[in-house]
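Here the structure is laid out as structure tokens; the discussion comes afterwards.
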Amino acid sequence: MNRITLDPKVMGGVPCLRGLRIPVATVVNMVAGGLSTQEIVDELPPLEAGDVAAALRFAADAVSDREILRQL
């Protein structure tokens, strides 16, 4: 998870990738929209394939133990 950064001075503390102004949520939404890892990397050149995987792991961890999942 060293690719995920939370800095109040960058994007208001929203989880981003490697201190860049690319939020984890943006990458997760791109995956959900059907883009491949390569398409995401091509669209957001500072990113690497490992960043996309890290964003998905972060998102999965963020919701894994949430109360909302227990209600489903």
Residue pairs fulfilling salt bridge (charged side-chain N to carboxylate O under 4.0 Å, His left out) with at least one residue in residues 24-38, sequence neighbours excluded: none

L17: which of L47, T5, V52 passes side chain to side chain contact (heavy atoms under 4.5 Å, CB included): L47

Residue pair V28 / A55: nearest heavy atoms and the distance that separates them: CG2-O, 3.8 Å

Salt bridge (charged side-chain N to carboxylate O under 4.0 Å, His left out) contacts touching residues 23-34 (sequence neighbours left out): none

Pairing residues for E43 by the side-chain contact (heavy atoms from CB on, under 4.5 Å) criterion, not counting sequence neighbours: M30

side-chain contact (heavy atoms from CB on, under 4.5 Å) against D42, all qualifying residues, sequence neighbours excluded: Q38

Hydrophobic cluster identity match, I40 and I4, side-chain contacts under 4.5 Å: yes

Residues that P23 engages under side-chain contact (heavy atoms from CB on, under 4.5 Å), provided they are two or more places apart: M11, V14, T26

Taking every non-hydrogen atom, the tightest pair across V41 and A49: CG2-N, 3.7 Å

With sequence neighbours excluded, residues passing salt bridge (charged side-chain N to carboxylate O under 4.0 Å, His left out) with E39: none

Pair listing, salt bridge (charged side-chain N to carboxylate O under 4.0 Å, His left out) test, anchored in residues 8-23, at least two apart: R18-D51

Verify same cluster id: V27, V10 (apolar side-chain graph, 4.5 Å): no

Student check: side-chain heavy atoms of L6 and P15 closer than 4.5 Å: yes

